[in-house]
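Working notes, structure below.
In what follows, every chain begins at residue 1, and chains take the letters A, B, ... in the order their sequences are listed. Note that the structure is a prediction, hence the values are computed from the model and not measured.
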Amino acid sequence: MCRVVDLRQAVLAKNDEAAQVLRTELTARGTTVVNLLSSPGSGKTALLERELLLARERGVAVAALTADLATENDALRLARSGVPVKQVLTDGLCHLEAAMLGRHLDGWLPGDTRLLFVENVGNLVCPAGYDLGESLRVVLASVTEGEDKPLKYPTAFGLAQLVVVTKTDIARAVEFDEAAFRANVEQVNPGVEVVLTSARAGEGLGVLLDRALAVGAGGGAHAPVMARQQHAEAHGHGHGHGHAHADAHGHSHGHGHDHDHDDDHDHARDEGHDHDHDGDHEHPHVQTVAQTR
Amino acid sequence: MHEMSIAMAVVGQVEEAARAGGAHAVTSVRLQVGELAGVVPDALAFCFELACAGTVLEGAELVTESVTARARCGSCPGTWAVGMPPELCCPGCGRATDVELLSGRELEILSVRWEDGPAGAPTREPIPEEA
Ligand SMILES: Nc1nc2c(ncn2[C@@H]2O[C@H](COP(=O)(O)OP(=O)(O)O)[C@@H](O)[C@H]2O)c(=O)[nH]1
Ligand SMILES: [Mg+2]
Ligand SMILES: [Zn+2]
């Protein structure tokens with residue numbers, strides 16, 4: 001018999017839930033996650049190298065996890081700072097997901113870590129939709145990438161809680177128009193802070209660390225307009241219970257989620273993942289980074 | 001690439017619901033895609049077809065409903081279509097402190113049409129390995 005079943009499930013609901021669980025757990029133990037997004041080559045690793053070293057000098061317990069499609073080069077570079085570093089090879093997957101991150105942290109992340117920097121896969125499209133349980137989402141763009149980058153990748157820039165311009169040492173050579181860049185950021189993400197950095201020349205060094213520590217201390221991160229969508233309809237769980245309404249020859253359908261997710265190995269952290277967690281009211285749709293804190 | 005992971009997530013969620021609901025063939029999936037969801041519907045449709053292969057969704061149709069992104073400013077009357085690339089500062093007062101995005105971020109499976117009932121019910125094909 002043919003029937004139409006209302007699902008009303010956010011497509012990324014599982015990731016959103018996993019991210020929320022991870023955020024809650026890590027926050028409770030005093031770890032703040034910083035998710036770094038940019039195109040390949042924008043300078044994420046170079047900036048992180050310097051920030052990690054600085055953190056170490058200041059005695060702040062930090063760690064870094066770097067995701068790449070294939071090579072371990074970034075981890076080797078970051079490990080020179082002497083802080084705990086882990087490489088994740090995504091094996092072709094264009095972004096990290098919360099459950100993957102959770103699995104990689106299990107048994108690796110030192111308990112006293114205050115800041116965990118996550119260098120996401122170099123890409124401004126895919127990672128933007130995946131909350132990793134971060135409390136600060138940073139989007140980077142180098143001066144060589146063009147002032148209109150924020151308009152070309154509005155989802156990425158629109159959800160950023162901090163925008164970092166990199167490689168300012170060569171800004172002049174490439175005629176980087178800072179005012180135009182800032183205006184474009186403002187258009188898609190009004191009010192977000194834009195900081196200028198050069199890993200090479202040292203400009204803006206320590207700002208990332210300071211902002212991350214401030215968020216960790218409860219300072220509250222920027223809430224992007226794009227992450228502030230209100231939901232008119234209060235549809236319940238992100239993982240819907242299908243209500244068949246085509247006809248009512250009622251056998252029990254739906255509720256697939258509660259039990260039989262034996263195949264559900266992507267919930268790295270099932271403990272505490274009870275189904276009546278807060279999510280009921282506000283986690284459909286793409287989970288907003290702004291709900292983060 | 002991105003649309004592929006979205007498509008696989010859609011298929012996974014529908015499969016789970018179909019299994020729980022005793023469906024043996026899913027014929028269509030309605031998806032709501034906001035303008036600011038960061039998903040290209042055509043690319044998604046292409047990936048969806050691939051992701052459905054060999055599952056209970058094999059051959060299912062994907063119907064996408066796009067949702068215009070609209071916002072409103074707490075200090076000014078009316079709402080505006082934010083467009084693409086989006087303009088999220090209020091066109092009235094130029095500020096954004098009180099701007100609220102009303103729609104546009106949706107990426108949601110609305111409904112699914114499937115065949116269920118006693119095995120052997122007439123469908124397009126005999127029930128294969130899934131059941
Ligand atoms: N001039 C200049 N080049 C930089 C700077 N930061 C990174 N680079 C170069 O940009 C390239 C990519 O940097 P990398 O950190 O690997 O980028 P990622 O892919 O975002 O991690 C490398 O060749 C770096 O040497 C900088 O501050 N100034
Ligand atoms: Mg790198
Ligand atoms: Zn206004």
Side-chain angles (χ1 to χ4, degrees), chain A residues 1-15 92-95 97 123 125-126 128-129 148 150-156 158 184 186-191 224-230 232 235 239-242 244 246 249 251-257 260-261 284-286 288, chain B residues 1-7 9-10 12-23 25 27-34 36-40 69 71 82 84-90 95-97 99-118 121 123:
Chain A
M1 153 136 353
C2 179
R3 65 174 76 217
V4 175
V5 179
D6 274 338
L7 280 186
R8 293 244 146 217
Q9 305 190 9
V11 173
L12 300 176
K14 271 194 183 173
N15 184 70
L93 190 64
C94 49
H95 59 271
E97 295 185 10
N123 174 342
V125 181
C126 318
D148 57 353
L151 302 183
K152 286 183 178 159
Y153 297 92
T155 321
N184 291 336
E186 186 69 12
Q187 176 181 333
V188 301
N189 193 345
V225 172
M226 210 180 277
R228 273 188 243 154
Q229 178 171 335
Q230 300 298 310
H235 33 102
H239 39 263
H241 304 194
H249 86 58
H251 65 279
S252 77
H253 40 67
H255 304 266
H257 199 85
D260 61 13
H261 57 184
H285 298 292
V286 177
T288 64
Chain B
M1 200 57 210
H2 176 49
E3 278 74 12
M4 195 64 207
S5 29
I6 300 291
V10 171
Q13 279 168 262
V14 173
E15 272 186 300
E16 198 174 298
R19 201 181 311 128
T27 53
S28 81
V29 176
R30 286 188 86 79
L31 196 69
Q32 201 174 40
V33 180
L36 297 176
V39 170
V40 180
V82 307
M84 184 53 84
E87 175 54 81
L88 293 173
C89 295
C90 171
R95 286 177 299 137
T97 36
V99 170
E100 186 190 338
L101 189 64
L102 300 170
S103 60
R105 297 278 298 137
E106 297 77 5
L107 185 53
E108 185 173 317
I109 304 168
L110 293 176
S111 63
V112 178
R113 180 189 295 273
W114 68 42
E115 302 279 345
D116 62 7
T123 50

When rounded to the nearest 0.5 angstrom, what is the spacing between CE in Met4(B) and CG in Leu93(A)? 11.5 Å
Value for CG (Leu110(B)) from CZ (Arg8(A)), rounded to nearest 0.5 Å, stands at 5.0 Å
For a quick check under 3.5 Å, do Gln13(B) and Gln9(A) share a side-chain donor-acceptor pair by atom type? yes
Among Ala96(B), Gly12(B), Pro86(B), who wins on heavy-atom pairs under 4.5 Å with chain A? Pro86(B)
Select, from Pro85(B), Ala71(B), Gly34(B), Gly38(B), the one with the greatest count of heavy-atom pairs under 4.5 Å involving chain A. Pro85(B)
Can you find a pair of side-chain heavy atoms, one from Met226(A) and one from Leu88(B), that are under 4.5 Å apart? yes
Thr97(B) versus chain A, heavy atoms under 4.5 Å apart: side chain, backbone, both or neither? backbone
